[in-house]
There are 2 protein chains.
Amino acid sequence: MKISSKARYAIQSMLQLAMQVDNKPLTLADLTQQQNISSSYLEQLLASLRESKLVMGVRGPGGGYRIAADLADISIADILMAVHERHLTRPKKSSYGISIYNDMWWDLSESIQNFLSDISLADLMDREDVQTYLHQQRLFKDMTSVASQAEKQRKRA
Amino acid sequence: MKISSKARYAIQSMLQLAMQVDNKPLTLADLTQQQNISSSYLEQLLASLRESKLVMGVRGPGGGYRIAADLADISIADILMAVHERHLTRPKKSSYGISIYNDMWWDLSESIQNFLSDISLADLMDREDVQTYLHQQRLFKDMTSVASQAEKQRKRA
DNA sequence: ACGATTCCCGATTAAATTAGTCAAGAATAA
DNA sequence: TTATTCTTGACTAATTTAATCGGGAATCGT
């Protein structure tokens, strides 16, 4: 099965953002480093994600992009729709003469849609290795925050 | 969710073929009439489907295309793979340094793949309205075959 | 064997989408 | 204020999708 690389970039970016401890922003540069893609192109994709209110941009030093909604409320379908706009919708039943093949097609297409709508970012993160990874990140963050506290103490003295 | 129109054409064609009573061949012209698409383009898609052994061509008058396997053995994933070749495969775990985002991506991608592999043409046809339609087609065919028998009788006399 | 039908094959072109690049501007933290 | 970082828009290149054309090969009915 081929999924467009556009979709892959978008989803991978969302995953990276989703995994940030405390939803701390990631810069475009941060995001681009993981995937090998030009930053200006990824920027365009992020713009789409922003328009769809899936991420938000934070300007200035320390800024970047962060997730703009609850992880359980963002589905794979949402992400795909955000980046490849222009999605067709099922014609009204009334438009007469629509063939049975057409009906079958739309049914299929809707079940794919539903499947993808059922997978949230939260679901994807609910895996053992991911959780372990996140746990480590948090530990690391605590350590460094303790260290910086100590540092401030030291300077003050 | 956007599915490429290439995929849509392929799936719709397969559906049309699948619904033929007695797997009687449909010509390119028959297939193109339902969808609005150029016949030469559809021909290219059918060539891919043929290479993947999903359909077979029958030349000469009365010929056309017909399904080349059991309907229960042809999945949506098979059809998609046939028309957009060039499908990536998950990198070996050994290639070191592969990120956790990458793992998550491939897991997702595999679950989509599995989902699509689980939907066969037979499944899609297992719907009440489709069955009713097929039933009517068969009745019609019986009627006309009886009529043509009668016709032959008449000529012979 | 002939003629009509229909798939088969290759090359070529056009349109659409995806991917990448560049440059100037606006917000913000330190 | 200055460095950082997103924002915006326009433009180009590469790739994929869609369409077109022409001739060839198999097969059916007569």
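In what follows, every heavy atom counts, from backbone to side chain, and hydrogens, waters and symmetry copies are set aside. Remember, predicted model here, so these are calculated numbers, not experimental data.
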Please report, to 0.1 Å, the donor-acceptor pairs under 3.5 Å made by any side chain of residues 72-81 of chain B, with sequence neighbours excluded.
from    : atom 1 : to      : atom 2 : distance (Å)
B/Ser75 : OG     : B/Ala77 : N      : 3.3
B/Ser75 : OG     : B/Asp78 : N      : 3.1
B/Ser75 : OG     : B/Asp78 : OD2    : 3.2
B/Asp78 : OD2    : B/Ser75 : N      : 2.9

Which whole-number value in Å describes the distance from [X] [atom1] to [N] [atom2]?
{"X": "B/Ile3", "N": "D/dT17", "atom1": "CD1", "atom2": "C1'", "result": "16 Å"}
{"X": "A/Leu17", "N": "D/dC6", "atom1": "CG", "atom2": "P", "result": "11 Å"}
{"X": "B/Leu46", "N": "C/dC9", "atom1": "CG", "atom2": "C1'", "result": "14 Å"}
{"X": "B/Met56", "N": "D/dT27", "atom1": "CE", "atom2": "P", "result": "10 Å"}
{"X": "A/Leu28", "N": "C/dA27", "atom1": "CG", "atom2": "P", "result": "19 Å"}
{"X": "A/Leu80", "N": "C/dT18", "atom1": "CG", "atom2": "P", "result": "12 Å"}
{"X": "A/Asp30", "N": "D/dC6", "atom1": "CG", "atom2": "C1'", "result": "13 Å"}
{"X": "B/Leu42", "N": "D/dT17", "atom1": "CG", "atom2": "P", "result": "15 Å"}

For this session: With axes from five pairs an end, tell me the bend angle of the helix from C/dA1-D/dT30 to C/dA30-D/dT1, nearest 10°.
Result: 30°
For this session: Just jot down the salt bridge (charged side-chain N to carboxylate O under 4.0 Å, His left out) partners of B/Asp22, sequence neighbours excluded, or say none.
Result: B/Lys141
Do any N or O atoms from the side chain of [X] and from the backbone of [Y] form a donor-acceptor pair under 3.5 angstrom?
{"X": "A/Arg66", "Y": "A/Asn23", "result": "yes"}
{"X": "B/Asp30", "Y": "B/Leu26", "result": "no"}
{"X": "B/Ser5", "Y": "B/Arg8", "result": "no"}

Side-chain touch [X]/[Y], heavy atoms, less than 4.5 angstrom:
{"X": "A/Leu17", "Y": "A/Leu31", "value": "yes"}
{"X": "A/Met19", "Y": "B/Ile100", "value": "yes"}
{"X": "A/Gln16", "Y": "A/Gln35", "value": "yes"}

For this session: Would you indicate whether A/Met125, at its atom CE, is surrounded by more than 12 heavy atoms from other residues, nucleotides or ligands within a distance under 6.0 Å?
Result: yes
What pairs of nitrogen or oxygen atoms, one from the protein and one from nucleotides 19-22 of chain C, lie under 3.5 Å apart?
from   : atom 1 : to      : atom 2 : distance (Å)
C/dA19 : OP1    : A/Ser5  : OG     : 2.1
C/dA19 : OP2    : A/Lys6  : N      : 3.2
C/dA19 : OP2    : A/Tyr41 : OH     : 2.7
C/dG20 : O6     : A/Gln44 : NE2    : 2.9
C/dT21 : O4     : A/Gln44 : NE2    : 3.3

Problem set entry | 5′-ward residue of the pair A/Gly63/A/Glu51 relative to DNA chain D | A/Gly63
Exercise. Is the A/Phe115 ring parallel, tilted or perpendicular to the B/Phe115 ring (thresholds 30°, 60°)?
Worked result: parallel
Acceptor/donor pairs from residues 57-64 of chain B side chains to any protein atom, 3.5 angstrom cut, sequence neighbours excluded:
none

Under-3.5 Å N/O pairs linking protein and nucleotides 24-26 of chain C:
from   : atom 1 : to      : atom 2 : distance (Å)
C/dA26 : N3     : A/Arg59 : NH1    : 3.2

Exercise. From the list C/dT28, C/dC7, D/dT17, which nucleotide is the closest neighbour of the side chain of A/Pro61?
Worked result: C/dT28
For this session: Output yes when at least one side-chain N/O atom of B/Arg50 is less than 4.0 Å from OP1 or OP2 of C/dC9, else no.
Result: yes
